[in-house]
Colleague: 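Got a structure for you, written out below as structure tokens; questions coming shortly.
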Number of protein chains: 2
Amino acid sequence: MMETTSTRTDSCAAPPHPHRRPEGQDSYTISEVVAFTGLTAHTLRWYERIGLMPHIGRSHTGQRRYSNRDLDWLDLVGKLRLTGMPVADMVRYAELVREGDHTFGERFELLETTRRDVLARIAELQDTLAVLDRKISFYADAGRVAAYEGEKVR
Amino acid sequence: MMETTSTRTDSCAAPPHPHRRPEGQDSYTISEVVAFTGLTAHTLRWYERIGLMPHIGRSHTGQRRYSNRDLDWLDLVGKLRLTGMPVADMVRYAELVREGDHTFGERFELLETTRRDVLARIAELQDTLAVLDRKISFYADAGRVAAYEGEKVR
DNA sequence: CGCTTGCTTGGAGCGCACTCCAAGGTCATA
DNA sequence: TATGACCTTGGAGTGCGCTCCAAGCAAGCG
């Protein structure tokens, strides 16, 4: 078997990074990174192609060797992805990082905007949760009483 | 102009349904529903085609006339959409509703599963928020000090 | 009557985020 | 040294959720 699709380990894993090797020996193959992140090798290569990752270091024969730093970046990308941030925006952020220190302000603003988006999203979800709870208790205790959908949803 | 793309009003609108007409006179054209929901007419027709909406009532000339009930259903669909629930699952739920009372159990379970998903999603987002906050304060008070990305992200 | 606006349909097209393929080179173990 | 797992590339394909198109019908208006 090759190119495993998603060896995503249980998400209730340990907090830090149990698998990482110390600085200096931090050189991971793409399949190791697949195992750590749950991303596919395809996706990792694609991230690099579109500029969402820096160019990854290579072995003497041209194979990718990821560093701890690369893994940290992937962690951040993973988090940002969870917020629903478009890949294009993350690429933009990556570009700002590559461009150097004079982009600090812009990066800061991008993060702040994202933060506000996340807060708004959480609020939306909590709103939805309320609707869901109402509907669930409706089903739970109205048992099977004439209860068609759309009835006092809100 | 026709087929406006997104006349989404500010989301801090009034809680109930300021625009609705009383039962008996609740007959809205597709463009009215577009204005209410922020969906496009295309999307509304598509929802109907794929079975996410029941077949909508028609005028004597075959034009769609939405009822308050239809609007309620669209509200629910909008909420479920916010949770990230796939359209296919919402269609499944719609089917269960059409199939009648004997699907109560299954509907209940679907809602409960969704509820758990939403809770998990909120937790994820809060986790992300913490990362974001850390990074933001890093940018804020480290000012412009050597601060490359991936540095102690977590 | 012609013009505009708004609605109808089936089917094609689009943007995003992957996802996979084909052809070939590399590495570790027996 | 040979087998098989793993890696490389550019480019094509997929699935989702819309999004749009073309052709045509119906109503209102000057």
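Worth saying up front: this structure is predicted, and the values here are computed from it rather than measured. The sequence lines fix the lettering, A, B, ..., with proteins before strands; numbering per chain opens at 1.
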Colleague: Could you state the CG-P distance from B/Leu44 to C/dT9, rounded to the nearest angstrom?
Modeller: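 About 12 Å, once rounded to whole Å.
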
Colleague: Please state whether the phosphate of D/dC7, meaning OP1 or OP2, lies under 4.0 angstrom from any side-chain nitrogen or oxygen of A/Ser31.
Modeller: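 Checking D/dC7 against A/Ser31, a side-chain N or O does come within under 4.0 Å of OP1 or OP2.
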
Colleague: Quick test: give all pairs of protein nitrogen or oxygen and nucleotides 11-14 of chain C nitrogen or oxygen below 3.5 Å, distance rounded to 0.1 Å.
Modeller:
| from | atom 1 | to | atom 2 | distance (Å) |
| --- | --- | --- | --- | --- |
| C/dG11 | N7 | B/Arg49 | NH1 | 3.0 |
| C/dG11 | O6 | B/Arg49 | NH2 | 3.1 |

Colleague: Answer yes if the side chains of B/Arg107 and B/Tyr93 hold a donor-acceptor pair under 3.5 Å, and no otherwise.
Modeller: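 No, no side-chain donor-acceptor pair sits under 3.5 Å.
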
Colleague: Report all interatomic pairs (protein N or O, nucleotide N or O of nucleotides 16-18 of chain C) with separations under 3.5 Å.
Modeller:
| from | atom 1 | to | atom 2 | distance (Å) |
| --- | --- | --- | --- | --- |
| C/dA17 | OP1 | A/Val87 | N | 3.3 |
| C/dA17 | OP2 | A/Val87 | N | 3.4 |
| C/dC18 | OP1 | A/Arg81 | NH1 | 3.2 |
| C/dC18 | OP2 | A/Tyr47 | OH | 3.3 |

Colleague: Which residues within residues 118-125 of chain B lie with some heavy atom under 4.0 Å of an atom in DNA chain C?
Modeller: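 Hits under 4.0 Å, by residue number: none.
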
Colleague: Which whole-number value in Å describes the distance from B/Leu82 CG to D/dG17 P?
Modeller: 14 Å

Colleague: Could you tell me whether the phosphate oxygens of C/dC7, OP1 or OP2, come under 4.0 Å of any side-chain nitrogen or oxygen in B/Thr29?
Modeller: yes

Colleague: C/dC7 P sits how many Å from B/Tyr28 OH, rounded?
Modeller: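 Checked: the OH to P distance equals 16 Å.
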
Colleague: Test your reading of the model: is there a side-chain donor-acceptor pair from B/Thr103 to the backbone of B/Glu99, 3.5 Å cut-off?
Modeller: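 Looks like no, no N/O pair under 3.5 Å.
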
Colleague: The criterion is side chain to side chain donor-acceptor pair (under 3.5 Å); which residues satisfy it with A/Glu109, sequence neighbours excluded?
Modeller: none

Colleague: Identify the two heavy atoms, one from B/Trp73 and one from B/Pro54, that lie closest to each other, and give their separation to 0.1 Å.
Modeller: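 Shortest heavy-atom contact: CD1-CD, 4.4 Å.
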
Colleague: Would you tell me if any nitrogen or oxygen in the side chain of A/Arg45 comes within less than 4.0 Å of OP1 or OP2 on D/dT9?
Modeller: no

Colleague: Does the distance from a Lys or Arg side-chain N to an Asp or Glu carboxylate O, for A/Glu95 and A/Arg92, drop under 4.0 Å?
Modeller: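 Looking at A/Arg92 together with A/Glu95, the answer is yes, because their closest N to O distance falls below 4.0 Å.
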
Colleague: Please step through side chain to side chain contact (heavy atoms under 4.5 Å, CB included) for the pair A/Val91 and A/Val87, ending with a clear verdict.
Modeller: CA-CA 6 Å; A/Val91 170; A/Val87 165; 4.1 Å; yes

Colleague: Please name all residues satisfying salt bridge (charged side-chain N to carboxylate O under 4.0 Å, His left out) with A/Asp26, sequence neighbours left out, ordered by chain then number.
Modeller: none

Colleague: A/Arg58 side chain N/O closer than 4.0 Å to the phosphate oxygens (OP1, OP2) of D/dT9?
Modeller: yes

Colleague: Given atom CD of A/Gln63 and atom P of C/dC27, what is their separation to the nearest angstrom?
Modeller: 6 Å

Colleague: Rounded to whole angstroms, how far apart are CD1 on B/Ile56 and P on C/dC7?
Modeller: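 After rounding, the reported distance stands at 14 Å.
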
Colleague: Might you point out which heavy atoms bring B/Lys79 and A/Thr128 nearest each other, and give the distance in Å?
Modeller: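 Closest pair (atom of B/Lys79, atom of A/Thr128, distance): O-CG2, 3.5 Å.
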
Colleague: In whole angstroms, how far is the P atom of C/dG15 from the CD1 atom of A/Ile50?
Modeller: 16 Å

Colleague: Hey, is the main chain of A/Leu82 close enough, under 3.5 Å, to the side chain of B/Arg121 for a donor-acceptor pair?
Modeller: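 Yes: the side chain of B/Arg121 pairs with the backbone of A/Leu82.
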
Colleague: How far apart are the C-alpha atoms of B/Asp117 and B/Thr114, what are their side-chain angles, what is the distance that settles it, and do they pass the side chain to side chain donor-acceptor pair (under 3.5 Å) test?
Modeller: CA-CA 5 Å; B/Asp117 291 349; B/Thr114 305; 5.3 Å; no

Colleague: Grab the CE-P distance between B/Met53 and D/dC18 for me, whole Å please.
Modeller: 14 Å

Colleague: Whether B/Arg64 contacts C/dC7 is assessed here as follows: a side-chain N or O lying under 4.0 Å from the phosphate OP1 or OP2. Is that the case?
Modeller: no

Colleague: Of all heavy-atom pairs between A/Tyr28 and A/Arg21, which one has the smallest distance, and what is that distance?
Modeller: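 Taking every non-hydrogen atom into account, OH-N, 2.7 Å.
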
Colleague: Sequence neighbours excluded, which residues qualify as salt bridge (charged side-chain N to carboxylate O under 4.0 Å, His left out) partners of A/Asp133?
Modeller: B/Arg115

Colleague: Expressed as a whole number of angstroms, how long is the span from B/Tyr66:OH to C/dC7:P?
Modeller: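 Between P of C/dC7 and OH of B/Tyr66: 10 Å.
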
